[in-house]
Amino acid sequence: MSAFSADPIIAIATAPGRGGIGVIRVSGPDLRAWAEALCAQPLQPRHAHYLPFRDRRGETLDEGLALFFPGPHSYTGEDVLELQGHGGPAVLRRVLEDCLARGAAIGLRLAQPGEFTQRAFLNDRLDLAQAEAVADLIEASSTAAARSAMASLSGAFSAEVDALSERIVQLRMLVEATLDFPEEEIDFLEKYQAADRLGAVTAALAGVLRTARQGLVLREGLHVVLAGQPNVGKSSLLNALAGEDVAIVTPIAGTTRDRVVQQIHIDGIPLHIVDTAGLRETEDTVERIGIERSWAEIARAQVILHLQDARHPDDPLDAEIVQRLPDGVPVLRVWNKVDLLPSPPSSSDVVAATADDAPLHISAHTGAGLDALRARLLAIAGWTPGTESPWLARERHVHALEAARAHLQAAAGHAAHSDQVLDLFAEELRLAHEALCGITGQFTSDDLLGEIFSRFCIGK
Ligand code: GDP
Ligand code: ZN
């Protein structure tokens, strides 16, 4: 029995455009009779039936497979009918429109984005973190991200969060019991080793938070802005990193007047690299607008890659640029065109380049130093090379884990005081628990749900 029921919904589930197969999906609380009438034959649950898709007047629109999944053992937890026909937009639309016309009597309507998955969540087929993983799996831009999204979808992340919740619940039960017998309040902490338990949960949570941050990097990537004077090789570097020509490269200073964003992957981590117009004083109005935009991009950067010509490392114009860079954003100093130096940088320079602050020596033309640059970018992103994030996480998850950690720390603060106030301790535990429950969706506002599911594609 599904806990939630609503109008039957329908959508084309496959991507728009042409493909070998196109799938139309219908979900609703009680679809069997309607589905069998539509297909003009009995439908054995979970069996593929090969049949013509005929419209109301008997015209054959397509032929293909019909599959009927009775609830609750279906994707949405409701009855689901899937029609697999040919993947052309016109043919799929004809079948869809005929289904809609014949479903009018049962209130069949087009699905909203993400509505199938939302029903899966509302019917307890998936928790919220798993539902988000469905969208993340579809959107994954690298193998590593897809693998991690799949781990989240199968519940690996939810299981970690549930385990933390469980430990907090046990602690809460002890506290609540003690609150009922105020005379015992004083020894509560020693009696149940509450402080130790709290410390252990906090440590476990810190581990989950670390992994979640890695998962977030894997999902969101990092916004890197290339900054520097005209002609130092910003566009060439972007092309070298991207491995294809995305930005215009010319020997005339001031060529890149608009922003070019390229997404590249390093070890599966998406980096969004913004090439900017070279920073210099100019009389040209168009170029000046480009330069203003560059500074706006720099203000939004997560990492600034300040590129200089290795032949003029002490150029005062670069010192001016450095002066203007925003505080608190990591700046990677990179010296390009080492191939033009009379003598290539010594090996001691290369060693120094592994230190955090030293400038990296590269050549966008020969590719020298690019591996070191990639490694440095990953390090700044907080990525430990070779680690595989076991699950993908969203910013929302990281915030919830941080909130939970803050409440656990506040609880520890109350416990540390001699005049410990047990109900404050209890309240912080409750808040920590609530923050964790928000991840899997036990306590979630309708607004948040609406926002999460509206970002799905239609038919999912
Ligand atoms: P931007 O204005 O900073 O984007 O610079 P570009 O990428 O357009 O490059 C300006 C000029 O420098 C072009 O002629 C490039 O071919 C040249 N250039 C860029 N990187 C290198 C490099 O590593 N070595 C050499 N020899 N020339 C380079
Ligand atoms: Zn350029």
Side-chain angles (χ1 to χ4, degrees), residues 223-264 266 271-301 303-326 329 331-347 349-350 352-353 358-377:
H223 287 267
V224 181
V225 174
L226 297 181
Q229 295 188 52
N231 255 339
V232 292
K234 297 180 295 298
S235 303
S236 304
L237 174 60
L238 177 58
N239 289 345
L241 288 173
E244 66 190 48
D245 284 352
V246 284
I248 316 154
V249 182
T250 68
I252 306 152
T255 313
T256 311
R257 284 176 168 175
D258 223 332
R259 85 203 264 279
V260 178
V261 187
Q262 174 74 354
Q263 177 166 302
I264 65 164
I266 300 178
L271 296 187
H272 317 280
I273 303 194
V274 185
D275 185 13
T276 60
L279 304 169
R280 64 166 180 182
E281 296 299 323
T282 178
E283 296 297 310
D284 181 322
T285 329
V286 179
E287 192 189 342
R288 198 165 55 234
I289 293 170
I291 292 171
E292 278 161 20
R293 286 199 196 136
S294 300
W295 283 109
E297 290 293 342
I298 288 167
R300 283 195 292 270
V303 176
I304 297 162
L305 196 157
H306 178 207
L307 200 64
Q308 280 182 253
D309 191 319
R311 293 169 298 176
H312 318 290
D314 300 318
D315 192 323
L317 291 175
D318 281 306
E320 276 178 37
I321 290 175
V322 170
Q323 284 268 306
R324 280 191 66 181
L325 294 179
V329 183
V331 177
L332 200 54
R333 293 192 295 147
V334 182
W335 293 358
N336 188 31
K337 308 195 188 184
V338 288
D339 56 300
L340 296 181
L341 292 178
S343 57
S346 69
S347 58
D349 279 341
V350 178
L360 280 169
H361 298 81
I362 65 158
S363 166
H365 271 193
T366 67
L370 291 187
D371 282 343
L373 175 57
R374 291 189 185 95
R376 188 75 74 80
L377 284 169

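Whatever order the structure lists them in is the order used to number ligands and atoms, beginning at 1. Basis for what follows: all heavy atoms, side chains included, without hydrogens, waters or symmetry-related copies.
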query = Taking non-hydrogen atoms only, is Leu340 closer than 4.0 angstrom to ligand 1 via side chain, backbone, both or neither?
reply = side chain

message = If you measure every N or O of His365 against every N or O of ligand 1, does any of those distances drop under 3.5 Å?
response = yes

note = Here the atoms of ligand 1 under 4.0 Å from any heavy atom belonging to Lys234 are 1 (P), 2 (O), 3 (O), 4 (O), 5 (O), 7 (O)

key: Side-chain heavy-atom pair Ile264, Ile273 within 4.5 angstrom cut-off   = yes

key: ligand 1 to Ala364 polar contact by distance, N or O atoms, under 3.5 Å   = yes

query = Distance from Leu317 atom CG to Ile321 atom CD1, nearest 0.5 Å?
reply = 7.0 Å

inquiry  = Would Val232 count as being in polar contact with ligand 1, using the rule that some N or O on each side must be under 3.5 angstrom apart?
reply    = yes

message = Quiz question: by atom type and distance under 3.5 Å, do the side chains of Asn336 and His365 form a donor-acceptor pair?
response = no

request  = Going by heavy-atom distance to atom 24 (N) of ligand 1, choose the closest among Asn336, Asn239, Ile362, Asp339.
outcome  = Asp339

ask   = So, the side chain of Lys337 versus the backbone of Ala364: is there a donor-acceptor pair under 3.5 Å, distance only?
value = no

message = Which of the numbered atoms in ligand 1 are under 4.0 angstrom from any heavy atom belonging to Ser236?
response = 6 (P), 7 (O), 9 (O), 15 (C), 19 (C), 20 (N)

task = Please examine the side chains of Val274 and Val224, heavy atoms only from C-beta on, and report whether any two atoms are closer than 4.5 Å.
result = no

inquiry  = Just by distance, no angles: are the side chains of Asp318 and Gln229 close enough, under 3.5 Å, to form a donor-acceptor pair?
reply    = yes

